[in-house]
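Indexing begins at 1, ligand by ligand and atom by atom, following the structure's order.
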Amino acid sequence: MKKKINKINNLLIQFFGIPKKNKKNPDPVDMLIGTILSQNTNDKNSYRAYQNLKQKYKTWDEVAKLTPSSIEKIIRVAGLGKQKAKAINNVLKGLKKKNGKIKLKFLDKKDDNIVIDKLTEFNGVGVKTASCVLLFSLNRNVCPVDTHVHRTLNRIGLVNTKTPDKTFNEIFGQIPAGTAHSFHTNLIRLGREICKPTKPNCIICPLEKYCNYDLKNFDKNVVHTKNDFMLLDNIS
Ligand code: SF4
């Protein structure tokens, strides 16, 4: 599988380029909250919600003192406000209760599986959110799997799975060293811009020759819209 991932990664880099990366690894708590906000919405709206929180409150300790309904009002623009506010409140209060402070620096020395176990103990934090903390904050070679990564990897034929978490398990440990960030980010761009849920734009797809999908679409009228703003590369 490593060779195939390398091939896909190289083809995507030739097409989209090497994705921009945050100069400094963001704090893991910032990343955790940013990823919760990003669930089921576009990156621009979740970034606005993240900035609303950061601009209004200097520390996560201050946010931890708010009720879920107060958090909900501030993050409303990200959608699913009630659910996300509850998850944020739960994570912040949970960290304070368990560790006495709202910090995740101790994860630096833990192995990937332990980080996932520790983070998914919190209600509202799933494997995808935990793996975003691994990749973007802890600089691990792990590829988070959202709906785009799941759909594209199944269509290409790298995996044959029913859920994003199963796809994550299949590719976990199989990513060639140093490639997880570009592989993850460019697959999301592929899924947003070209390999959309309906009517994939296979005519312009850099993976067309390599992809096993039976229902390729070669309709010339599909529009290619660029979408390269990635929330998680803008968390700081
Ligand atoms: S060839 Fe088509 S189905 Fe396959 S990855 Fe590209 S856009 Fe998706």
> Judged by modelled atom types alone, do N186 and R189 share a side-chain donor-acceptor pair under 3.5 Å?
Replying inline: no
> Between K199 and D219, which heavy-atom pair has the shortest distance, and what is it?
Replying inline: NZ-OD2, 3.9 Å
>> Over 60° means perpendicular and under 30° means parallel, so tell me whether Y50 and W60 are parallel, tilted or perpendicular.
In response: tilted
>> Suppose the cut-off is 2.8 Å; how many protein N/O/S atoms fall inside it around atom 6 (Fe) of ligand 1?
In response: 1
> Does the cation-pi check pass for K118 over F106, that is, NZ or CZ under 6.0 Å from the six-membered ring centre and within 45° of its axis?
Replying inline: no
> For F183, what residues pass the ring pair (Phe, Tyr, Trp, His ring centres under 6.0 Å) criterion, not counting sequence neighbours?
Replying inline: none
> Is the F168 to H150 ring centre distance short of 6.0 Å?
Replying inline: no
